[in-house]
Amino acid sequence: MANQRVKFTFPAALVPQPIIYNLGQRFNLVTNIRRADVREEMGWVILELEGDDQEIRQGVAWVKSVGVRVDPISGDVIEG
Amino acid sequence: MAPFVTCLRCRECAREYPVEPLNVCDFCFGPLETAYDYEAIARATSRRRIANGPLTIWRYRDLLPVDAENAIDIHAGFTPLIKANNLGRVLGLDNLYLKNDSVNPSFSFKDRVVSVAATKALEFGFDTLSCASTGNLACAVGAHAARAGMRSVVFMPADLEAGKIIGAAIYGSTLVAVQGGYDEVNRLCSEIADSYRWAFVNINMRPFYAEGSKTLGLEVAEQLGWRFPDHAIVPVASGALLSKIWKGFNEMVSVGLMEGPVPTRMHAAQARGCSPVVDAFNAGEEMVMPVRPNSVAKSLAIGNPADGIYAIRAMTSSGGGAHGVHEEEVAQGMKLLAETEGIFTETAGGVVISALKGLTERGAIGRDELTVAYITGNGLKTQEVVGDVVHPLAIRPNMREFEEALHGLSPSAR
Ligand SMILES: Cc1ncc(COP(=O)(O)O)c(C=O)c1O
Ligand SMILES: [Zn+2]
């Protein structure tokens with residue numbers, strides 16, 4: 001078992017879709033939401049993913065492939 | 001020991017944590033910040049005590065979260081605050097000042113934050129100082145690690161300006177040039193930070209590190225003769241600098257060094273190739289939409305700013321503003337500053353000068369208002385951007401050729 005903390009940012013078109021639900025179902029992950037701000041024009045969700053290491057990786061890749069931006073929870077680690 | 005720090009506190013849910021190398025709240029995953037006992041500081045500190053302190057950021061030790069007696073000190077801070085009459089004349093500002101932080105030991109304001117982070121890292125017993133950086137931060141980490149006798153490992157995207165790569169490597173840092181975009185550097189460094197017991201200045205040291213930026217607020221108020229400016233123009237990448245200058249001003253009131261409320265309007269400067277904070281603010285949003293950076297101002301090219309929301313809150317509560325400059329205005333701003341005031345700044349400073357111009361033209365800054373523009377990095381690090389200023393008069397060594405060449409110049413340049 002592994003876990004990963006991530007921030008998903010959704011563009012307007014994806015806000016109504018059950019992406020986090022599907023992520024949990026398709027990749028057998030426990031999705032544990034800690035903070036979120038979701039509006040009509042965009043939304044972000046900070047959550048923890050728990051499950052098999054491989055499946056977390058595949059799940060995150062799938063989320064990206066449908067158009068969600070995936071980032072570390074504390075914003076960019078790289079700085080000026 | 002830092003006598004006045006009480007705990008780390010979550011900026012989102014206010015849960016408290018012990019003073020340890022932590023940066024994220026376990027409960028809500030929000031960022032942690034150092035909390036102080038302001039009443040105790042108020043009893044201990046005074047203008048006189050500060051004025052008698054060293055000519056570095058360590059004169060503000062009472063408001064820094066580390067034991068200043070063991071500071072890793074290469075003289076960061078107490079940089080010049082200059083009245084800019086020439087530039088002011090060009091822009092139509094009678095009361096313009098420049099905070100010239102490009103003359104810090106490793107040539108950017110990052111020496112302030114890293115001096116604090118390195119001090120804390122040694123206090124915690126770390127032997128390796130690390131960061132992921134587009135340049136300036138890596139230089140500051142290398143320099144302070146050298147002074148502290150620590151090892152340093154700095155991660156950089158492979159495509160940076162030569163001045164910044166050499167400026168970091170010279171200190172003996174292990175330099176890791178990561179191929180690929182910022183996304184890859186981000187992902188890799190998050191993973192490394194999780195698996196190695198190193199002090200990553202802007203990850204596990206972040207609550208302490210970021211406090212160093214407050215000194216750019218404290219110092220300006222002191223140098224103005226214990227006065228707050230009406231406007232501050234600040235370059236924004238992660239947003240920490242802007243929000244901490246604001247915090248510094250407000251803490252001066254909290255500890256009785258100044259009377260409140262703080263009148264300063266905080267303005268953000270970014271280049272359009274990466275302006276998520278400016279765009280969110282100008283759209284009336286607090287939520288910062290991450291972007292893919294593509295800007296000549298590499299030191300400000302952070303697409304998903306960690307403290308973007310806190311910068312926006314500071315801008316909003318101070319009645320400030322935001323200006324995104326066109327990419328070609330970056331070099332124009334650098335040249336304008338150099339030609340009028342004799343200060344050679346890097347791209348971030350070019351962004352600030354052009355944003356100052358834009359804000360003034362928009363009427364956001366009044367002619368008589370006391371305005372401070374923060375110049376945070378040195379031009380020698382980003383020479384590539386202004387290479388077109390060089391067109392020497394090439395002559396053979398005789399008077400006739402010299403005079404011919406001189407007469408060939410336009411009247412203003414003669
Ligand atoms: C020269 C310069 N100015 C300003 C900034 C912005 O600082 P912050 O990331 O705290 O917003 C940076 C780096 O990030 C920088 O290198
Ligand atoms: Zn919290």
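Note that the structure is predicted; figures quoted are calculated from it, not measured. Each chain gets a letter, A, B and so on, in the order the sequences are listed, and its residues count up from 1.
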Greatest number of non-hydrogen atom pairs under 4.5 angstrom with chain A, of B:Lys298, B:Lys164, B:Met289, falls to B:Met289
Stepwise, does the salt bridge (Lys or Arg N to Asp or Glu O under 4.0 Å) test hold for B:Asp26 with A:Arg34?
CA-CA 9 Å; B:Asp26 271 334; A:Arg34 301 303 182 91; over 6 Å; no
Check whether any side-chain heavy atom of B:Val201 sits under 4.5 Å from a side-chain heavy atom of B:Val113, and report yes or no.
no
List the steps, then state whether salt bridge (Lys or Arg N to Asp or Glu O under 4.0 Å) holds for B:Glu285 with A:Arg39.
CA-CA 11 Å; B:Glu285 275 289 341; A:Arg39 322 219 180 134; 2.8 Å; yes
Considering all heavy atoms, the nearest B:Ile302-A:Asp76 contact:
CG2-OD2, 3.4 Å
Answer key: most heavy-atom pairs under 4.5 Å with chain A among B:Ser108, B:Gly30, B:Pro305, B:Ala301 is B:Gly30
So, does B:Arg9 use its side chain to make a donor-acceptor pair with the main chain of B:Thr34 at under 3.5 Å?
no
Select all residues of residues 186-194 of chain B having any heavy atom within less than 4.5 Å of some heavy atom of chain A, and report them by number, or 'none'.
B:Asn186, B:Cys189, B:Ser190
What is the ring orientation for B:Phe200 with B:Trp198, classed by angle as parallel under 30°, tilted 30 to 60°, or perpendicular over 60°?
parallel
Could you tell me if B:Asp279 and B:Ser275 have a donor-acceptor pair between their side chains, going purely by distance under 3.5 Å?
yes
Hey, which of A:Asp71, A:Ile46, A:Leu47 has the most heavy atom pairs under 4.5 Å with chain B?
A:Asp71
Do A:Pro72 and A:Val6 touch side chain to side chain, with heavy atoms closer than 4.5 Å?
no
Among A:Glu48, A:Gln4, A:Met42, A:Glu41, which has the most heavy-atom pairs under 4.5 Å with chain B?
A:Met42
Donor + acceptor pair across side chains of B:Asp307, B:Ser238 (<3.5 Å):
no
Would you please say whether a donor-acceptor pair under 3.5 Å links the side chains of B:Asn378 and B:Glu346?
no
Salt bridge check: are B:Arg112 and B:Asp101 linked by an N-O gap of less than 4.0 Å?
yes
Just so I know, are the side chains of A:Val70 and A:Lys7 near enough to count as touching, which here means a heavy-atom distance under 4.5 Å?
no
Under 4.5 Å from a heavy atom of chain A, the part of B:Met156 involved:
neither
At a 4.5 Å cut-off on heavy atoms, which part of B:Lys110 comes close to chain A: side chain, backbone, both, or neither?
side chain
With chain B as the partner, which of A:Ser74, A:Gly43, A:Gly80 has the greatest number of non-hydrogen pairs under 4.5 Å?
A:Gly80
Toward chain A: residues of residues 203-211 of chain B with heavy atoms under 4.5 Å:
B:Ile203, B:Arg206, B:Tyr209
What's the shortest heavy-atom distance between B:Ala311 and B:Gly239, and which atoms?
CB-O, 3.7 Å
